[in-house]
Structures are given as C-alpha cells and as structure tokens.
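None of the values given here were measured: they were computed from a predicted structure.
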Amino acid sequence: MTLQDDMTTVQRCLDELARSVSRLEQQVGSGLEMRRVRSDTEHLRESLALLRAAAPQSGPASAPRPEMVTIPDTPYDTSLWTDAEDEGLGARDRRAP
C-alpha cells in the first residue's frame, strides 16, 4: 500500500469511529466522559488532516531516479585545458608563492 492509501484507510476508520461515537452518545447521553470521547475523536481527525498536509504527495517509490551518465575510460582531450592554470601552482609563466 502507498502512503496515500494508508491515509485514506485511516480516514475511513476515523469516519466510522465518529459515526459510532455519535450512536453511542445517543444511547448513553452527553455526559463528561462522552464529551471527552467525542473530543478525542475530533482531535484524531484534526491530527490526520495535519499529517496529510505535511506528508509528501508522492511516495519514495515514485520519486524520479537520477539519470546514469557513463564516463569513458579514454583520456580527455588536453586542448580543453589550454587556458586553465594549474590549481594551487599559479600560472606557468609565473612563480608560485
């Protein structure tokens, strides 16, 4: 299952919990304990909504993979570095510090 599938399943379970709490409240009444259960149910729904907002939209399995680049074993063309200085040694016609 993907992350989104899991969150959808949890959302369905929380919806069913809220319906069950409402039915229970009709049978038991709205005393202090019932208000706490209803409040806890709403906190769970709010927490899931925050988790949905913070979760990445696509799972790690669908993340794009970097393109593989093949590096040849042949030596590079030295004409590519005709204007480059040797790093740390200064220019060819100057003395190093």
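Every residue was checked against the salt bridge (Lys or Arg N to Asp or Glu O under 4.0 Å) condition with D40, not counting sequence neighbours, and none meets it. With sequence neighbours left out, the side chain to side chain donor-acceptor pair (under 3.5 Å) criterion links T2 to D5. D73 pairs by the side chain to side chain donor-acceptor pair (under 3.5 Å) definition with nothing, not counting sequence neighbours.
If you take CG on L24 and OG on S30, they are separated by 11.5 Å, rounding to the nearest 0.5 Å. Atom CG of L44 is separated from atom SG of C13 by 11.5 Å, given to the nearest 0.5 angstrom. A distance of 11.0 Å separates CG of L51 from CD of Q11, quoted to the nearest 0.5 Å. Atoms OG1 and CG, from T41 and L14 in turn, are 8.0 Å apart once rounded to the nearest 0.5 Å. A distance of 15.5 Å separates CG in L17 from CZ in R12, rounded to the nearest 0.5 Å. Expressed to the nearest 0.5 Å, how far OG of S47 lies from CD of E42 amounts to 11.0 Å.
When all heavy atoms are compared, the tightest approach of A55 to M7 is CB-CE, 3.5 Å.
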Can you list the steps and then say if V37 with M34 is a side chain to side chain contact (heavy atoms under 4.5 Å, CB included)? CA-CA 5 Å; V37 170; M34 197 65 229; 4.2 Å; yes
Before you tell me yes or no, could you show the steps for V28 and E33 under side chain to side chain contact (heavy atoms under 4.5 Å, CB included), namely the whole-Å CA-CA distance, both residues' side-chain angles and the distance that decides it to 0.1 Å? CA-CA 10 Å; V28 175; E33 293 82 9; over 6 Å; no
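E16 and R19 are joined by a salt bridge, as a carboxylate oxygen and a charged side-chain nitrogen come within less than 4.0 angstrom of each other.
At distances below 3.5 Å, at least one donor-acceptor pair connects side-chain atoms of S22 with backbone N or O atoms of A18.
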